Amino acid sequence: MIDIRIQSSDFNFEKEIKKFQKNKIDGAVVCFLGSVRDLNSEEELKKLEIEYYPKMAKKVLNETVKKAFDKWKLSQCLIIHRFGKLNVNEPIVLIITQTKHRKDAFRANEYIIDFLKINAPFWKKEHTNKDSYWVEQNKKDLDISI
Amino acid sequence: MIDIRIQSSDFNFEKEIKKFQKNKIDGAVVCFLGSVRDLNSEEELKKLEIEYYPKMAKKVLNETVKKAFDKWKLSQCLIIHRFGKLNVNEPIVLIITQTKHRKDAFRANEYIIDFLKINAPFWKKEHTNKDSYWVEQNKKDLDISI
Amino acid sequence: MKIIFFAKIRELIGKEEENITLPENVVTINDMVSFLKEYNKIYYNVFENYDFFIACDEELVDMDYKISNTKEIAIFPPVTGG
Amino acid sequence: MKIIFFAKIRELIGKEEENITLPENVVTINDMVSFLKEYNKIYYNVFENYDFFIACDEELVDMDYKISNTKEIAIFPPVTGG
């Protein structure tokens with residue numbers, strides 16, 4: 001099962017994880033959850049806005065998950081990436097990977113978020129109490145060899 | 001926040017993860033969820049029974065999490081490990097790690113589950129439709145260098 | 001040719017998309033960028049002063065990619081999702 | 001000395017715990033194992049034929065660990081949690 005969703009609405013963690021628990025064979029599930037952080041500055045974050053290129057984003061996420069399926073023995077994989085205006089603490093991205101052996105679930109999950117960070121066409125804009133700023137790409141993300 | 005629980009009852013994923021989302025600074029959360037798998041044999045698993053050494057289990061999990069806090073910049077960590085008789089698909093262990101940078105959350109989470117697997121005094125017994133068997137230690141777990 | 005823009009580059013260009021007839025001598029992405037830089041000073045500013053990526057029909061491409069069969073060209077800044 | 005057992009070893013011994021007065025010449029874990037193997041054939045069988053670990057007051061110890069200040073000794077098979 002591959003489930004990729006790009007949506008503005010929030011999601012229910014319990015509901016998503018329960019789908020993975022129905023798999024009787026593969027006991028290891030790893031989740032990555034990325035949420036909106038407050039700014040490390042004097043300004044206060046009011047909203048984090050996420051813009052994306054719909055057709056390409058879906059395509060890149062699909063290709064990423066297919067690569068992960070080829071490299072590790074994934075039985076199920078979910079990606080939810082949100083767009084629109086989000087508040088501090090709201091979830092941005094959820095990635096769930098399921099495998100028989102836990103090492104594979106960790107590796108696959110990290111691979112997907114690393115790849116997503118440098119390749120998937122999403123852009124963040126911070127709306128603070130003073131101004132609005134496009135987020136700059138984190139150079140650390142580019143240093144990751146995949 | 002360090003939260004370590006050893007309990008027979010099930011837990012609510014949504015409720016546990018929501019506590020982590022309240023942290024406004026650290027945006028990366030990684031979860032590991034281990035569940036009861038069906039047997040890869042002709043016999044049918046009826047129950048998986050987990051026995052443990054209460055005082056020592058609590059101590060080992062505490063020490064493990066403290067080591068993880070020292071090695072990575074963890075802001076929060078939760079471990080729930082269940083005991084008693086569980087059905088196929090029921091969760092056995094949940095580990096949640098939260099950090100500012102996602103790499104640390106992945107590393108710390110994997111460190112904790114690896115360490116738990118070889119050091120925490122829990123034992124699994126499989127009750128099938130035919131007989132009962134104590135689970136043998138997975139040699140792979142011992143090969144992990146920490 | 002339909003060109004679409006995203007995020008900061010969309011704001012700099014001042015529109016979400018633009019239909020431009022590219023002259024016949026524009027063969028590669030590099031040719032297109034040179035052409036657009038001459039086309040007006042807004043494009044000149046974007047390509048001179050900002051990091052950008054180009055995708056042809058939803059695939060990232062290099063500057064020497066030949067655009068002849070492309071339906072949609074997207075120009076956007078470095079991605080910051082996840 | 002209070003000795004407690006877990007999992008398969010608990011089942012082999014046939015009880016959850018046993019209070020045994022160890023003689024004065026039992027100084028290390030190794031001495032205790034030798035003593036228990038002579039104590040009865042159930043212990044002999046366990047120590048001869050099964051993998052076991054020993055914890056003194058909830059800390060895993062080696063065979064040469066001195067047990068003098070220990071309050072509780074636990075004997076159990078390799079762990080299989082998680």
Side-chain angles (χ1 to χ4, degrees), chain A residues 10-40 44-45 48 75 87-103 105-114 116-117 124 138 140-141 143-144, chain B residues 10-40 44-45 48 75 87-103 105-114 116-117 124 138 140-141 143-144:
Chain A
D10 201 354
F11 47 82
N12 183 291
F13 224 81
E14 186 76 11
K15 200 179 127 195
E16 301 305 337
I17 206 90
K18 282 283 177 226
K19 292 180 197 165
F20 283 80
Q21 287 194 316
K22 285 182 194 151
N23 181 320
K24 290 192 180 184
I25 307 301
D26 295 345
V29 171
V30 170
C31 316
F32 173 79
L33 178 70
S35 301
V36 180
R37 296 178 227 185
D38 208 350
L39 300 173
N40 199 2
E44 189 192 341
L45 187 69
L48 182 75
S75 57
N87 295 312
V88 171
N89 289 354
E90 277 197 73
I92 301 169
V93 62
L94 173 66
I95 298 169
I96 308 183
T97 47
Q98 181 170 37
T99 57
K100 195 170 177 63
H101 302 293
R102 69 182 184 281
K103 293 279 153 196
F106 276 106
R107 289 295 92 70
N109 202 300
E110 207 170 354
Y111 171 87
I112 292 169
I113 181 63
D114 288 350
L116 186 159
K117 286 254 178 193
K124 292 189 186 118
N138 188 344
K140 265 191 195 159
D141 287 327
D143 291 339
I144 293 159
Chain B
D10 200 354
F11 47 82
N12 183 292
F13 223 80
E14 186 75 10
K15 200 178 127 195
E16 302 305 337
I17 207 89
K18 281 284 177 224
K19 292 180 196 166
F20 283 80
Q21 287 195 317
K22 285 180 193 151
N23 182 321
K24 290 191 178 184
I25 307 302
D26 295 345
V29 170
V30 170
C31 317
F32 173 79
L33 178 69
S35 302
V36 180
R37 294 177 228 187
D38 209 351
L39 300 173
N40 199 3
E44 190 192 340
L45 186 69
L48 182 74
S75 58
N87 295 312
V88 172
N89 289 353
E90 277 198 73
I92 300 170
V93 62
L94 173 66
I95 298 169
I96 308 184
T97 48
Q98 181 170 39
T99 57
K100 195 170 177 62
H101 303 293
R102 69 183 184 279
K103 293 279 154 195
F106 276 107
R107 288 296 93 70
N109 202 300
E110 206 169 356
Y111 171 86
I112 291 169
I113 182 62
D114 287 351
L116 186 160
K117 287 254 179 194
K124 292 190 186 120
N138 188 342
K140 265 190 195 159
D141 287 327
D143 290 339
I144 293 158

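Numbered from 1 within each chain, the chains take letters A, B, ... in sequence-line order. What you are looking at is a predicted structure, and each value in this text was computed from that prediction instead of being measured.
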For this session: Measure the CD1-SG distance between B:Ile17 and A:Cys31 for me, rounded to the nearest 0.5 Å.
Result: 6.5 Å
Problem set entry | Residue pair A:Arg37 / B:Asp26, side-chain heavy-atom distance below 4.5 Å | no
Problem set entry | chain B contact via A:Lys15 - which portion, at a heavy-atom distance below 4.5 Å | neither
Exercise. Parallel, tilted or perpendicular: which fits the ring planes of A:Phe106 and B:Phe32, with parallel below 30° and perpendicular above 60°?
Worked result: parallel
Seminar exercise, completed: Turns out that what part of A:Val30 lies under 4.5 Å from chain B's heavy atoms comes down to both
Exercise. Does a salt bridge link B:Glu110 with A:Lys103, judged by any charged N lying under 4.0 Å from a carboxylate O?
Worked result: yes
Problem set entry | Taking every non-hydrogen atom, the tightest pair across A:Arg102 and B:Asp114 | NH2-OD1, 2.8 Å
For this session: Measure the OG-NZ distance between A:Ser35 and B:Lys22 for me, rounded to the nearest 0.5 Å.
Result: 13.0 Å
For this session: Using a strict cut-off of less than 4.0 Å between a Lys/Arg side-chain nitrogen and an Asp/Glu carboxylate oxygen, indicate whether B:Glu14 and A:Lys18 qualify as a salt bridge.
Result: no
